[in-house]
Peer 1: 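Handing you this structure, nothing more for now.
Values reported hereafter were calculated over all heavy atoms of this structure, with side chains retained and with hydrogens, waters and symmetry mates removed. For ligands, and for the atoms within them, numbers begin at 1 and follow the listed sequence.
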Amino acid sequence: MPVPAPRLNLAERLYLPEVLRGVGVTTRHFVRNLTLHTLHLFGLAKNRSAAVTTQYPEERKVYSDGYRGAHRLTLKPDGAVRCTACFLCATACPAKCIHIEAGEHPDPEVEKFPVRYEIDTLQCIYCGMCVEACPCDAIRMDTYVHPKIWGYVREDFIETKQVLMGRSRVLAEHGRDALMGDMLRGYREDEAAAAEGR
Ligand code: SF4
Ligand code: SF4
């Protein structure tokens, strides 16, 4: 049964009072925080905390152990992709954002491998179902790195097999901080390229 739309009163239908109310709330918080931060500079009102913004990605909160970061495709000891293109992750994915193209592997011991493996991170809801579904631990979300938050076109948010495998390589060789460093470098390069194009 359809849910009836909420009825708006006259003030809500005029919008302006609500807009002014919103501006009032924002201004109140702005003035409060500015005052408290200024007082803190002089060692006053230390017992009253002011809001602070975490300067992500340069600054990061401590993530919990269960934090689901950006995906990565795990590697075999010889550096090849562990994925066998079985499509279980794509089938389990509720957002239908994993796209795999399977190919015959030249090694007769390996049945299949992903010629193409892509995740559309604009559609992904970071539920972790793909990780749960994988029978061979070929996909993980243990990077502690946020997915890409910067881009101009949809393609910027599609993570390819190379990107997903590259994360495993950086992680194994240089650790999580290097992975974050790589991401920041990517942002800065994108930013510089965008500024040049202006
Ligand atoms: S985290 Fe969830 S939505 Fe994202 S790719 Fe995996 S299964 Fe799909
Ligand atoms: S990541 Fe795992 S579940 Fe997905 S296709 Fe590869 S082997 Fe199958």
Peer 1: Are a donor atom and an acceptor atom from the side chains of Ser168 and Arg72 found within less than 3.5 Å of each other?
Peer 2: yes

Peer 1: Please output the residues near ligand 2 using a strict heavy-atom distance under 4.0 Å, listed in chain and residue-number order.
Peer 2: Cys83, Thr84, Ala85, Cys86, Phe87, Leu88, Cys89, Ile100, Tyr117, Cys134, Pro135, Cys136, Ala138, Ile139

Peer 1: Cys97 heavy atoms, cut-off 4.0 Å: which ligand 1 atoms fall inside?
Peer 2: 5 (S), 8 (Fe)

Peer 1: Do Val170 and Met180 share a hydrophobic cluster (ILVMFWY, side-chain heavy atoms under 4.5 Å, transitive)?
Peer 2: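 Looking at the clustering, Met180 is in the same group as Val170.
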
Peer 1: Measuring to atom 2 (Fe) of ligand 1, does Cys127 have an N/O/S atom at a distance below 2.8 Å?
Peer 2: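 Coordinating: yes.
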
Peer 1: If the cut-off is 4.0 Å to any non-hydrogen atom of Cys124, which atoms of ligand 1 fall inside it?
Peer 2: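 Ligand 1 atoms under the 4.0 Å threshold to Cys124: 1 (S), 3 (S), 4 (Fe), 5 (S).
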
Peer 1: Mind checking whether Tyr67 and His146 have parallel, tilted or perpendicular rings, split at 30° and 60°?
Peer 2: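 It falls in the perpendicular class, over 60°.
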
Peer 1: Taking only heavy atoms of Ile125 into account, list the atoms of ligand 1 that are under 4.0 Å away from them.
Peer 2: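 Checking each atom against Ile125, I get 3 (S), 4 (Fe).
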
Peer 1: Which atoms from ligand 1 have a heavy atom of Tyr126 less than 4.0 Å away?
Peer 2: 1 (S), 4 (Fe)

Peer 1: Mind checking whether Leu73 and Val131 sit in one hydrophobic cluster, side chains of I, L, V, M, F, W, Y counted as touching below 4.5 Å?
Peer 2: no

Peer 1: Would Asp120 and Arg154 pass as an ion pair if we require N to O under 4.0 Å?
Peer 2: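 Yes, Asp120 and Arg154 are salt-bridged.
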
Peer 1: Going by side-chain heavy atoms closer than 4.5 Å, which hydrophobic residues are tied to Leu122, directly or by a chain of links?
Peer 2: Phe157

Peer 1: Is Arg48 atom CZ crowded by more than 12 heavy atoms from other residues, nucleotides or ligands, each under 6.0 Å away?
Peer 2: no

Peer 1: Which of parallel (below 30°), tilted (30 to 60°) and perpendicular (above 60°) describes His105 and Phe113?
Peer 2: perpendicular

